[in-house]
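Each chain gets a letter, A, B and so on, in the order its sequence line appears, and its residues count up from 1. Note that the structure is predicted; figures quoted are calculated from it, not measured.
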There are 2 protein chains.
Amino acid sequence: MLPCVSEASWDRSGCSVAGTLAVVGEKWSLLVLREAFLGVRRFADLQRTLGAPKAVLSDRLATLVEQGVLTRVPYQAEGERQRHEYRLTPKGRDLYPTLVALMQWGDRYLADGGVAPLELRHGDCGAPVTLQLVCAEGHRLTGPREVHPVPRSTAASAG
Amino acid sequence: MLPCVSEASWDRSGCSVAGTLAVVGEKWSLLVLREAFLGVRRFADLQRTLGAPKAVLSDRLATLVEQGVLTRVPYQAEGERQRHEYRLTPKGRDLYPTLVALMQWGDRYLADGGVAPLELRHGDCGAPVTLQLVCAEGHRLTGPREVHPVPRSTAASAG
DNA sequence: CACGATTGGTTCGTCAAGTGAACCCAGCAG
DNA sequence: CTGCTGGGTTCACTTGACGAACCAATCGTG
């Protein structure tokens, strides 16, 4: 049995998972971010690579900008009119592990023919990159069984 | 600038991120899994802790079972009628990093008063647990800038 | 056996969200 | 002025989420 928090009787409001999903959990949002991490920045390119309806894409970009995950920056290539592009902010860049986690699971369980469509390599040494759970003491954990969730809710002392 | 794959001209169909989101990307799915990792297993408890409509919860549980992320196992406590509960499969347990990634981002950017509502500790040593990007050579990476995505699409040799 | 309580759902009407096609505007080329 | 392209908005339609009501199986009680 997994270590559980007294059969899960703590306050779920303010849960970080729910909060994050409120920001990037709508349809297409995480796929927009995938494209952003791949270097796609312009509306038309996003629309083409994603295949999302323009109205939805427009809305998702607006909320991601509003949330500070992307910024909309105008730029002008020489001899061309001014355009603008969507770029990851540091806040948005910190969603990288989330995308990688989703990708790794899909690579393991959904890959056709056992071959992942995209590999991540360390830019310096070229070795494949993975996400891992580690503790501050440097121990590597293999899964949720080795993890102890500890609630620190402000008002839950009377739990 | 992030390292990008020739301005992102590879085949997105079969993308593992999209595939994973097709399995767990609907509303409530990842929150159901959060509860599962916290040890909540019964329909009524899920419904209470999540606050999701029963119809939606029922549908999400059915698809998660269908996808092999959860199993529906009957059990009978002594002196009680038979019930059934939803348990994580190994496939479901491997979604743990995804949940942790979402939680860590929320802890960093959404926590009221800078205090995360839930802390993860290593069961053995009690030290806080985090998700980290590491390469096979053991180097720790700090973000997407140090990662090189390499497409391995079967039909994309003519990219 | 009938009665009510509990678990674990389904059904239904309503409202929000996603979808695709069409349209719109600015700026540049000719 | 016309046409083309990027970056959207508007609209009609379909799908999905929501909450309340209802339903079936099972148990303890009388």
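Note: A:T130 OG1 to B:L133 CG = 8.0 Å, rounded to the nearest 0.5 Å.
Within the 4.5 Å cutoff, no side-chain heavy atoms of B:Y86 are placed close to those of B:V32. Here the side chains of A:H84 and A:F43 are not in contact, with every heavy-atom distance at 4.5 Å or above.
OP1 or OP2 of C:dT10 sits under 4.0 Å from a side-chain N or O of B:S58.
Atom CG in A:L57 sits about 13 Å away from atom C1' in C:dT19, given to the nearest Å. What separates CD of A:Q47 from P of C:dA21 is a distance of 11 Å, to the nearest Å. One interatomic measurement links the two molecules: CG of B:L61 to P of D:dA17, which rounds to 13 Å at whole-angstrom precision.
Residues that satisfy the salt bridge (charged side-chain N to carboxylate O under 4.0 Å, His left out) test with A:R48, not counting sequence neighbours, are A:D45. Annotation: salt bridge (charged side-chain N to carboxylate O under 4.0 Å, His left out) contacts of A:E85 (sequence neighbours excluded): A:R87. Shown here are the ring-ring contact (aromatic ring centres under 6.0 Å, His included) partners of B:H139, two or more places apart in sequence or in another chain: A:H122. Residues forming a ring-ring contact (aromatic ring centres under 6.0 Å, His included) with B:Y109 (at least two apart in sequence, or on another chain): B:W105.
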Using a 4.0 Å heavy-atom cut-off to protein, can you give one letter per nucleotide of nucleotides 12-18 of chain C, 5' to 3': B if the base is in contact, S if only the sugar-phosphate is, - if neither? ------S
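Scanning both residues, B:L21 and A:L102, for their nearest heavy atoms gives CD2-CD1, 4.0 Å.
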Dump the pairs, protein N or O against N or O of nucleotides 5-7 of chain D, anything under 3.5 Å, distances to one decimal.
| residue | atom | partner | partner atom | Å |
| --- | --- | --- | --- | --- |
| D:dT5 | O2 | A:R81 | NH1 | 3.3 |
| D:dG6 | O4' | A:R83 | NH1 | 3.4 |
| D:dG6 | O3' | A:R83 | NH1 | 3.2 |

